[in-house]
Amino acid sequence: QVQLVESGGGLVQSGGSLRLSCAASLRTFSTYAMGWFRQAPGKEREFVAGISRGGGTTDYTDSVKGRFTISRHKAKKTVVMKMNSLRPEDAAGYYCAADYTGSLQTAAMRYEYWGQGTQVTVSS
């Protein structure tokens, strides 16, 4: 059974940092592209960052470029997103997702597996 388990969310002041981690129980983790999405109350789930199966390609939504960094660790089967200079508008539930095609995708519908999410709250 595939599981994606996120951790690292919490409450942080505006301008602060958090490190989100996603542990994947995927047998062939290195063949999956991985992504982070977020969803705030009353809003649609949106793409935040993604990384290709080999880690050579990354992509970010414009609002987080230069502040967030996504990376993956093959042996540990984890994906990490470091979030710096957090803003109140970054507050949301953050979800890890996996896509078996291996190619970086920005559309949520392209991802087959999802975690339960971790909450990020940013106080102003």
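Here, residue 1 is the first one in the sequence, and each next residue gets the next number.
- Interatomic distance, Phe68 CZ to Thr58 OG1, rounded to the nearest 0.5 Å: 14.0 Å.
- Placement of Leu11 and Leu18 in two distinct hydrophobic clusters is found when ILVMFWY residues are connected by side-chain heavy-atom separations under 4.5 Å, directly or transitively.
- Between the side chain of Ser14 and the backbone N or O of Ser124, no donor-acceptor pair lies under 3.5 Å.
- Across every non-hydrogen atom of Phe47 and Leu104, the tightest pair is CZ-CD2, 4.3 Å.
- Applying the salt bridge (Lys or Arg N to Asp or Glu O under 4.0 Å) rule to pairs touching residues 3-29 yields nothing, sequence neighbours excluded.
- To the nearest 0.5 Å, atom CD of residue Glu112 and atom CG of residue Asp99 are 4.5 Å apart.
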For a side chain to side chain contact (heavy atoms under 4.5 Å, CB included) check, start with the C-alpha distance between Tyr113 and Cys96, then their side-chain angles and the critical distance, and finish with the verdict.
CA-CA 8 Å; Tyr113 302 109; Cys96 176; over 6 Å; no

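- Taking the six-membered ring for Trp and thresholds of 30 and 60 degrees, Phe37 and Tyr111 have ring planes more than 60 degrees apart, a perpendicular arrangement.
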Evaluate the side chain to side chain contact (heavy atoms under 4.5 Å, CB included) criterion for residues Phe29 and Arg53: first the C-alpha distance (whole Å), next the side-chain angles of each, then the deciding distance (0.1 Å), finally the verdict.
CA-CA 8 Å; Phe29 173 73; Arg53 59 188 172 189; over 6 Å; no

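- Residues Val12 and Thr121 form no side-chain contact, since every pair of their non-hydrogen atoms from C-beta on lies 4.5 Å or further apart.
- Among all heavy-atom pairs drawn from Ser30 and Lys74, the shortest one is CB-CE, 3.9 Å.
- Arg72 contributes atom CZ, which lies 14.5 Å from atom NZ of Lys76 (distance to the nearest 0.5 angstrom).
- Across Val48 and Tyr94, no two heavy atoms sit closer than the pair CG2-CE2, 4.2 Å.
- With a 6.0 Å radius and a threshold of 12 heavy atoms from other residues, nucleotides or ligands, Gln116 has its CD atom at or below the threshold.
- Val5 and Ile51 sit in two unconnected hydrophobic clusters of ILVMFWY residues. Membership requires side-chain heavy atoms under 4.5 Å apart, directly or through other members.
- Side chain of Tyr60 to main chain of Ile70: a donor-acceptor pair is present (N/O by atom type, distance under 3.5 Å, no hydrogens or angles).
- The minimum heavy-atom distance between Trp114 and Arg45, with the atom names listed, is CE3-NH1, 3.2 Å.
- Residues Gly115 and Tyr95 share a closest heavy-atom pair of O-CD2, 3.6 Å.
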Sequence neighbours left out, cut at 3.5 Å: what donor-acceptor pairs do the side chains of residues 77-92 make with other protein atoms?
residue: Lys77; atom: NZ; partner: Leu26; partner atom: O; Å: 2.9
residue: Asn84; atom: OD1; partner: Ser17; partner atom: OG; Å: 2.9
residue: Asp90; atom: OD1; partner: Arg38; partner atom: NH1; Å: 3.0
residue: Asp90; atom: OD1; partner: Arg67; partner atom: NH2; Å: 3.1
residue: Asp90; atom: OD2; partner: Arg67; partner atom: NH1; Å: 2.8
residue: Asp90; atom: OD2; partner: Arg67; partner atom: NH2; Å: 3.3
residue: Asp90; atom: OD2; partner: Arg87; partner atom: N; Å: 2.8

